[in-house]
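Below: one structure, written as C-alpha cells.
FYI, the numbering just counts along the sequence from 1. Counting starts at 1 for both ligands and their atoms, following the listed order.
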Amino acid sequence: MTSQAPIRSLTGITTSGTPHLGNYVGAIRPAVRASRQPEIENFYFLANYHALIKCDDPDRVQRSTLEIAASWLAAGLDPEKVTFYRQADIPEIPELTWLLTCVTGKGLLNRAHAYKAALDKNEAAGEDPDFDVTAGLFMYPVLMAADIVLFSAHRVPVGRDQTQHLEMARDIAQRFNHLYGELLVLPEVVIDDNVALLPGLDGRKMSKSYNNTIPLFSSREQLRKLIGSIVTDSRAPGEPKDTEDSALFSIYRAFASQEETTAFAKAFAEGISWADAKQQLFERIDQEIGPMRERYEHLISHPEEVEALLVAGAEKARAVAIPLMRQLRTAVGLRALGAAQATATKTKDPHKDSLPVFKQYREKDGLFYFKLTSTGGQVLLQSKGFDSPREAGQAVKRLQTEGPAAANTLKDVLELPAGIEPATVEEALNRLLNSDNL
Ligand code: TRP
C-alpha cells in the first residue's frame with residue numbers, strides 16, 4: 001500500500017425487499033451524495049448472495065435486485081464514477097469466503113447477534129435451538145467479511161445494526177494476516193449519525209418487518225394515499241399541534257431545508273389541519289422524488305439496460321478482485337506444484353505459533369493482579385489490583401472468551417503500559433480468542 005492510494009469505501013445492500021423512503025433517507029441519498037466526492041473510490045453492490053439467507057423466493061430475489069439497482073440509478077448514482085455491481089457476478093467472493101471460513105473461529109460466529117437472536121427465539125418458543133437456523137445464517141459474517149476485504153475497502157458505511165459484522169470482518173482479516181502475511185486491509189466501520197431515522201406510517205421506525213413503509217417509488221396517487229394514512233393525534237383544525245412526537249413532522253424534516261422545517265413547525269403551532277399538513281408533506285416529498293420517478297420506471301421496464309450496467313460493473317470490480325485473489329490463493333498454498341514456495345524462504349518467526357499469555361499474581365499490597373504478556377515477553381496489558389483472586393480470574397476469563405470487546409468494558413481495571421498501542425493488544429486478544437475456538 002502506498003500513501004497515495006485513494007481511500008476506498010464499500011457498501012452492500014441485501015436484495016430481499018423493495019426500497020422505501022426510510023432506505024432512501026438512511027442509505028441511498030447519503031450514499032449518492034458521498035459518491036460525488038472525487039477523492040474517494042466508491043464500491044456499491046447488490047448483496048444477492050446475502051438475500052438467499054433470508055429469502056427463498058427466487059422471483060423476489062430477482063425482482064428486488066432490479067428494484068434496488070433501478071432505485072440507486074434513478075437517485076443519481078453514476079456507474080461511470082463508482083463501481084456498481086452484483087455480488088453473485090463476482091466468483092471470487094464465494095472463493096474467498098471459503099479461505100476466510102477456514103481461519104474463522106466457530107466461537108466467533110456463535111456470538112453473532114443475528115444468529116444468537118434466532119436461537120433465543122427458538123428457545124423462547126420451546127423449539128429445538130437450531131430449528132430453522134441455516135448454516136447460511138451462521139456464516140453470514142464470513143460472507144460479509146469476504147465482500148469487504150476482497151476489495152481492500154478502508155471504510156464501510158453501514159447502519160448501526162451492522163457494527164458487530166464489521167468487528168468480525170476485522171477479526172477475521174486480522175487472523176488471516178497473522179497466519180499468511182499482511183495481505184488484507186482491516187476495514188473501518190463508518191456510521192453516519194446525521195442521517196435521519198425515518199418513522200413509518202404507524203410512528204415506529206420505518207421497516208419492512210413492521211409493515212409500515214412508504215415505497216420510494218410509487219405513483220403520485222399511491223404516495224398521496226399512503227401519506228394520508230400516517231397516524232396523527234385527534235387534534236382538530238385550529239388546535240396547535242405537537243412537532244415532537246409527530247411522525248408526519250419527522251418525515252417532513254428529513255426532506256425539507258432548515259427554513260422549510262421552521263415554517264412547518266410554525267404552521268403546527270398555529271393549528272394547521274392534519275389534512276393540510278399531509279398535503280404539504282406529500283408535495284414536499286414528491287418535489288424530490290418526482291423527477292426520479294420517470295427514470296425509475298424506464299429502468300424497471302428495461303431490465304436489460306440495468307443488466308448491462310451491472311455486467312460492466314462486475315468487470316470493473318473483478319479487475320480489482322482477481323489479482324488479490326490470486327495472491328491469496330498463493331499465500332495459503334493453493335499453488336501450481338512447481339511454483340516457488342514463498343513461505344519456505346520466509347524466515348519463520350519463532351513466536352508465530354506460540355500465544356500471548358495471561359499471568360496472575362499477588363503483590364506485596366495483598367491485592368491480586370494479572371498481566372497479558374506477548375510471546376516475546378513484553379507486557380501488553382496490566383490490571384489494577386483486585387481484592388480476591390476470583391475477581392481477577394473472572395476478568396481474565398472474560399478477556400479470553402470475549403476478546404477486545406471485553407477489554408473495552410473492563411477498561412477501568414486495565415492499564416495500557418507506556419509505548420503499547422491499543423491495536424497491539426487488540427491483535428493479541430484476537431489471537432487468543434481465535435486459538436481458543438479453533
Ligand atoms: N449485511 C448488510 C446489511 O444487511 C449488507 C451487506 C452485505 C454489506 N455485505 C456487505 C454491507 C458488505 C457492507 C459491506 O445491511
Nearest non-hydrogen protein atom to atom 2 (C) of ligand 1, with distance, is Gln162 OE1, 3.4 Å

For Thr11, the atoms of ligand 1 under 4.0 Å from one of its heavy atoms are 11 (C), 13 (C)

Checking heavy atoms under 4.0 Å, the part of Asp161 that sits near ligand 1 is neither

>> Surrounding CD of Glu315 (heavy atoms of other residues, nucleotides or ligands, distance under 6.0 Å), is the total greater than 12?
In response: no

Test log, rule salt bridge (charged side-chain N to carboxylate O under 4.0 Å, His left out), inputs Arg160 and Asp193: CA-CA 9 Å; Arg160 196 169 284 290; Asp193 284 317; 2.6 Å; yes

Numbered in order shown, the ligand 1 atoms found under 4.0 Å of a heavy atom of Val156 are 13 (C), 14 (C)

Specify whether Phe43 and Tyr85 have parallel, tilted or perpendicular ring planes, treating 30° as the upper limit for parallel and 60° as the lower limit for perpendicular. perpendicular

Using the ring of Phe264 (Phe, Tyr or Trp, six-membered ring only), decide whether Arg284 places NZ or CZ under 6.0 Å from its centre and within 45 degrees of its axis.
no

Closest non-hydrogen contact found for Arg318 with Ile90 is CG-CD1, 3.7 Å

among protein heavy atoms, the one nearest atom 6 (C) of ligand 1 is Gly12 O, 3.8 Å

Atoms of ligand 1 under 4.0 Å from any heavy atom of Val158, numbered from 1 in the order shown, are 11 (C), 13 (C)

Numbered in order shown, the ligand 1 atoms found under 4.0 Å of a heavy atom of Phe45 are 9 (N), 10 (C), 12 (C)

The atoms of ligand 1 lying under 4.0 Å from a heavy atom of Asp147, numbered in the order shown, are 7 (C), 9 (N), 10 (C), 12 (C)

Residue, atom and distance of the protein heavy atom nearest atom 4 (O) of ligand 1 read Tyr140 OH, 3.2 Å

### Pairing of Glu426 and Arg431 as salt bridge, 4.0 angstrom limit
no

Does Arg293 count as lying over the ring of Phe217, i.e. NZ or CZ under 6.0 Å from the six-ring centre, within 45 degrees of the axis? no

